[in-house]
Amino acid sequence: QQQVKQSPQSLIVQKGGISIINCAYENTAFDYFPWYQQFPGKGPALLIAIRPDVSEKKEGRFTISFNKSAKQFSLHIMDSQPGDSATYFCAARGATQFYFGTGTSLTVIP
Amino acid sequence: KAGVTQTPRYLIKTRGQQVTLSCSPISGHRSVSWYQQTPGQGLQFLFEYFSETQRNKGNFPGRFSGRQFSNSRSEMNVSTLELGDSALYLCASSPSGANEKLFFGSGTQLSVL
């Protein structure tokens, strides 16, 4: 059973556009929600993270929006660039491990 | 500081064989976690080792095992390989826990024929 559900599976965005990736979870005990970025041939790298007591966190062009009541959170990439083309994973922290979404393959067209 | 190093980068095995993957964590990190990454399934937690002891385990069959050495380096072993074991196996290290900030290696791509 997938603890964290991620959508869409793939996303194509024009350069300069906004990329939005969504995740949902069920376990209210999760207490930390990171996003990871993975380029081909590389392992995932932490991009940005949020705690559930905050509704939004922004770092440069990357923003996490968090809706605790709906148990949903999303990653917004503003002014998307071809260099942002990668696979993005959301995750949620449990007591002993992280639970990852299934990933979103983002392609930014020049 | 050197990052997480995984060897080998690629492996091709046949069904029924066994395989051993290696992971060297970031210096000073005592926790090593292993994940299986497959298309459509994302990252699935295999197990975590800390101070040479398996501390947590995911929902994988006993064919998947691991160990950690006194220098925190870790190995993962898969016995009696099945076609469905084809995946990217990722190792992640953290200072003291599998639920802290994770630093991933580039993975070992295993193909089972």
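Throughout, protein chains are lettered first and strands after them, A, B, ... in sequence-line order, and every chain is numbered starting at 1. Computation of the quantities below employed the complete heavy-atom set of this structure, encompassing side-chain atoms and omitting hydrogens, waters and symmetry-equivalent molecules.
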**Student:** Determine whether B:L102 and A:V4 fall in the same hydrophobic cluster, where Ile, Leu, Val, Met, Phe, Trp and Tyr are linked whenever their side-chain heavy atoms lie under 4.5 Å apart.
**Tutor:** no
**Student:** Residue by residue, scan residues 100-110 of chain A and write down, ordered by number, those that have a heavy-atom distance under 4.5 Å to chain B; if none do, write 'none'.
**Tutor:** A:F100, A:G101, A:T102
**Student:** If hydrophobic clusters are built from ILVMFWY residues whose side chains come within less than 4.5 Å, do B:Y10 and B:Y89 share one?
**Tutor:** no
**Student:** More than 12 heavy atoms of other residues, nucleotides or ligands under 6.0 Å from CG of A:D53: yes or no?
**Tutor:** yes
**Student:** Kindly check if the number of other-residue, nucleotide or ligand heavy atoms within 6.0 Å of CZ (B:R9) is above 12?
**Tutor:** yes
**Student:** For A:E26, look at atom CD and say whether over 12 heavy atoms of other residues, nucleotides or ligands are found less than 6.0 Å away.
**Tutor:** no
**Student:** Could you state whether B:F45 and B:L43 fall into the same hydrophobic cluster, counting links through intermediate Ile, Leu, Val, Met, Phe, Trp or Tyr residues with side-chain heavy atoms under 4.5 angstrom apart?
**Tutor:** yes
**Student:** Check whether B:L90 gets within reach of chain A through its side chain, its backbone, both or neither, counting any heavy atom under 4.5 Å.
**Tutor:** side chain
**Student:** A:Q2 versus chain B, heavy atoms under 4.5 Å apart: side chain, backbone, both or neither?
**Tutor:** side chain
**Student:** At under 4.5 Å between heavy atoms, what parts of residues 73-95 of chain A are in contact with chain B? List them by residue number.
**Tutor:** A:F89, A:R93, A:G94, A:A95
**Student:** Membership question, hydrophobic clusters at under 4.5 Å side-chain separation (ILVMFWY): are B:F104 and B:Y49 in the same one?
**Tutor:** no
**Student:** Not counting sequence neighbours, which residues clear ring pair (Phe, Tyr, Trp, His ring centres under 6.0 Å) with A:Y99? List them please.
**Tutor:** A:F30
**Student:** Tell me whether A:I48 is reachable from A:I50 by hopping between hydrophobic residues (I, L, V, M, F, W, Y) whose side-chain heavy atoms are closer than 4.5 Å.
**Tutor:** yes
**Student:** Hey, which residues of residues 31-44 of chain A are touching chain B, say heavy atoms under 4.5 Å apart?
**Tutor:** A:Y36, A:Q38, A:G41, A:K42, A:G43, A:P44
**Student:** Flag yes if more than 12 heavy atoms outside A:L46 fall under 6.0 Å of its CG atom; otherwise flag no.
**Tutor:** yes
**Student:** Using non-hydrogen atoms and a 4.5 Å limit, figure out which bit of B:Q44 sits close to chain A: side chain, backbone, both or neither.
**Tutor:** side chain
**Student:** Could you give the distance from CZ (B:F47) to CD (A:Q97), rounded to the nearest 0.5 Å?
**Tutor:** 12.5 Å
**Student:** Go through the atoms of B:Q109 and report whether side chain, backbone, both or neither lie under 4.5 Å from a heavy atom of chain A.
**Tutor:** neither
**Student:** Answer yes or no: does atom CD of A:E56 have more than 12 heavy-atom neighbours from other residues, nucleotides or ligands under 6.0 Å?
**Tutor:** yes
